[in-house]
Amino acid sequence: MIRVRGLSKAFNGQKVLDGLDLDVAAGEILAVMGPSGTGKSVLLLQLIGLMPPDEGDIEIAGVVVTDLAERELLKFRRQVGYLFQDSALYDFMTVEENVGFPLREHTPARPVEIKERVNELLKMVDMAGAGGKYPSELSGGMRKRAALARALALGSKVLLCDEPTSGLDPIRSRDISLLIRELSRKLGCTTLITTHDVRNAFRTADRALVLNQGRAAACGPENVLRASTDPFVMEFLE
Ligand SMILES: Nc1ncnc2c1ncn2[C@@H]1O[C@H](COP(=O)(O)OP(=O)(O)OP(=O)(O)O)[C@@H](O)[C@H]1O
Ligand SMILES: [Mg+2]
């Protein structure tokens with residue numbers, strides 16, 4: 001479903017991604033792990049064409065993202081749900097308006113249909129009743145859940161979540177991790193999350209990849225990663 005080959009990206013001569021290969025099967029949940037600054041967000045941004053790679057190919061659901069022109073990219077992005085690292089909710093819109101935004105922008109749905117769909121989405125993320133609140137009135141965990149509902153609004157089969165647990169306490173982190181897993185499975189999504197939270201990564205994901213110096217230092221299910229003898233992976237998992 002997601003296929004990355006030879007992905008490279010450098011900033012000011014500093015290599016962030018260095019020939020990265022990555023495969024995620026349909027319906028699979030993969031965690032991309034690594035310390036701060038290892039290029040996790042850069043990878044996600046390139047997957048949806050918000051940042052062009054220096055080299056390499058990205059294919060998602062049969063679409064070669066790296067070949068798309070700007071107009072085709074806009075269309076392609078509707079097929080991918082994206083949860084931004086900082087939630088990126090619109091402060092001046094209520095939760096309901098935020099979640100309904102992709103539907104108003106990209107579908108011909110009528111207001112009553114949008115309202116119905118938004119209610120359904122809010123229920124899915126356990127936010128029924130909070131639709132009238134503004135993002136500033138929400139806790140960090142609720143903001144993440146509202147952003148998740150918005151990411152799922154168009155029924156995308158590919159879901160990318162950048163640091164879904166960052167800034168949350170252990171309980172909320174666990175809750176959102178389990179919620180992402182539950183919804184991915186229920187909706188049949190192929191999901192990629194980035195995180196440096198090892199424990200929650202395996203609550204959500206089937207497999208994890210540890211990034212180091214622009215490449216995969218290890219990739220596999222928890223037992224495989226735990227058995228890695230790569231010093232970087234061992235230290236990171238500690
Ligand atoms: N637009 C940009 N211009 C220049 N450098 C950038 C840009 N975006 C990212 N970088 C650099 O690329 C590196 C990787 O950044 P990235 O945001 O992907 O890290 P990350 O793994 O997501 O970290 P974190 O865990 O803190 O979110 C960093 O050194 C960052 O400074
Ligand atoms: Mg990041």
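Note that ligands are numbered from 1 as they come in the structure, with each ligand's atoms numbered from 1 the same way.
- Salt bridge annotation for R203-D175: absent, with no cationic side-chain nitrogen under 4.0 angstrom from a carboxylate oxygen.
- Checking T191 against S184 by side-chain atom types alone, a donor-acceptor pair falls below 3.5 Å.
- At the top of the distance list for atom 4 (C) of ligand 1, counting protein heavy atoms only, stands F11 CD2, 3.3 Å.
- Residue contact check: H196 has heavy atoms under 4.0 Å from atoms 25 (O) of ligand 1.
- Each of the atoms 19 (O), 21 (O) of ligand 1 lies under 4.0 Å from some heavy atom of T38.
- For the 3.5 Å distance criterion, the side chains of Q79 and S156 fail to qualify, holding no donor opposite an acceptor.
- Residue contacts with ligand 1 for V42 involve both N, CA, C or O and side-chain atoms from C-beta outward (heavy atoms, distance under 4.0 Å).
- The aromatic rings of F232 and F236 lie parallel to each other, their planes meeting at an angle below 30°, with 60° marking the opposite boundary.
- Residue nearest to atom 20 (P) of ligand 1, selected from G37, G214, A10, S166: G37 (by heavy-atom distance).
- Below 4.0 Å from some heavy atom of Q85 lie the following atoms of ligand 1, by number and element: 27 (O).
- Nearest residue to atom 22 (O) of ligand 1 from G34, P35, S41 is S41 (criterion: closest heavy atom).
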- Message: Test side chain to side chain contact (heavy atoms under 4.5 Å, CB included) on L152 and L183; report intermediate values, then the result.
- Response: CA-CA 9 Å; L152 294 170; L183 291 179; 3.8 Å; yes

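- In summary, the atoms of ligand 1 found under 4.0 Å from a heavy atom of E163, numbered by their order in the structure, are 25 (O).
- Vertex the Mg ion (ligand 2); arms to Q85 OE1 and S41 OG; angle rounded to 10 degrees, 80°.
- Look at K75 and E72 and you find no salt bridge, because none of the NZ, NE, NH1 or NH2 atoms lies under 4.0 Å from a carboxylate O.
- Using a cutoff of 4.0 Å between basic side-chain nitrogens and carboxylate oxygens, K123 and E120 are not scored as salt-bridged.
- Among protein heavy atoms, atom 25 (O) of ligand 1 sits closest to K40 NZ, 2.8 Å.
- Classification of E97 and R104 as a salt-bridged pair fails, no side-chain N sitting under 4.0 Å from a carboxylate O.
- Here the heavy atom of the protein found nearest to atom 24 (P) of ligand 1 is S36 OG, 3.4 Å.
- In this structure, atom 31 (O) of ligand 1 has no protein heavy-atom contact shorter than 4.0 Å.
- At a distance under 4.0 Å, a protein heavy atom can be found next to atom 11 (C) of ligand 1.
- A salt bridge does not link D54 with K15: every distance from a Lys NZ or Arg NE/NH1/NH2 to an Asp or Glu carboxylate oxygen is 4.0 Å or more.
- Residue-ligand proximity: G39 is placed with a non-hydrogen atom under 4.0 Å from ligand 1.
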